[in-house]
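Below is one structure; the comments refer to it alone.
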Amino acid sequence: MAQGVRCDGKKKIQDVIDHLLGPSHRAAQEKKQLSKLWNAKDKRHPFINLATKSDPTVLKTLTDMAVEVYNDSKSLTLAAWS
């Protein structure tokens, strides 16, 4: 096969083909591409593109809020439950 997959049996090959043509495989490929863009700090990544166009003070405020919420959720504070 073009994707480099080897299977024994008609049912198994059909399952593989269904997966390769299905939405879960497309989502995995898209995530892999976005990860590459993120690691390369490429401006084609949606978040990096948004961050470069945003006001730095707003971006800092949003980042601080995200970190605070994350820390609250890890320590299970009352704020995390609300």
Fill in: Set of side-chain contact (heavy atoms from CB on, under 4.5 Å) partners for Glu68, sequence neighbours left out
Asp72

Worksheet, complete the sentence: One should read off an interatomic distance between Thr52 OG1 and Leu50 CG, to the nearest 0.5 angstrom, of 8.0 Å

Worksheet, complete the sentence: side-chain hydrogen bond (donor to acceptor under 3.5 Å, both in side chains) filter on Thr57, not counting sequence neighbours, yields Asp55

Worksheet item: Residues in side-chain contact (heavy atoms from CB on, under 4.5 Å) with Lys36, at least two apart?
Response: Lys32, Gln33

Worksheet entry | Residue list, side-chain hydrogen bond (donor to acceptor under 3.5 Å, both in side chains) with Lys31, at least two apart or on another chain | Ser35

Worksheet item: What pairs meet the ring-ring contact (aromatic ring centres under 6.0 Å, His included) rule with one or both residues in residues 41-64, with sequence neighbours excluded?
Response: Trp38-His45

Worksheet item: Which ILVMFWY residues can you reach from Val58 by hopping between side chains whose heavy atoms are under 4.5 Å apart?
Response: Leu62

Discussion item. Holding to salt bridge (Lys or Arg N to Asp or Glu O under 4.0 Å), I want the full list of residues that pass it with Lys60, two or more places apart in sequence or in another chain.
Written reply: Asp64

Worksheet entry | More than 12 heavy atoms of other groups within 6.0 Å of Lys41 NZ | yes

In residues 13-24, what donor-acceptor pairs under 3.5 Å come from side-chain atoms, sequence neighbours left out?
residue, atom, partner, partner atom, Å
Gln14, NE2, Asp18, OD1, 2.9
Asp15, OD1, Lys11, NZ, 2.8
Asp15, OD2, Lys11, NZ, 3.4
His19, ND1, Ser24, OG, 3.4
His19, NE2, His25, ND1, 3.4

Practice prompt. Report the distance from atom CG of Asp42 to atom CG of Asn49, rounding to the nearest 0.5 Å.
Written response: 9.5 Å

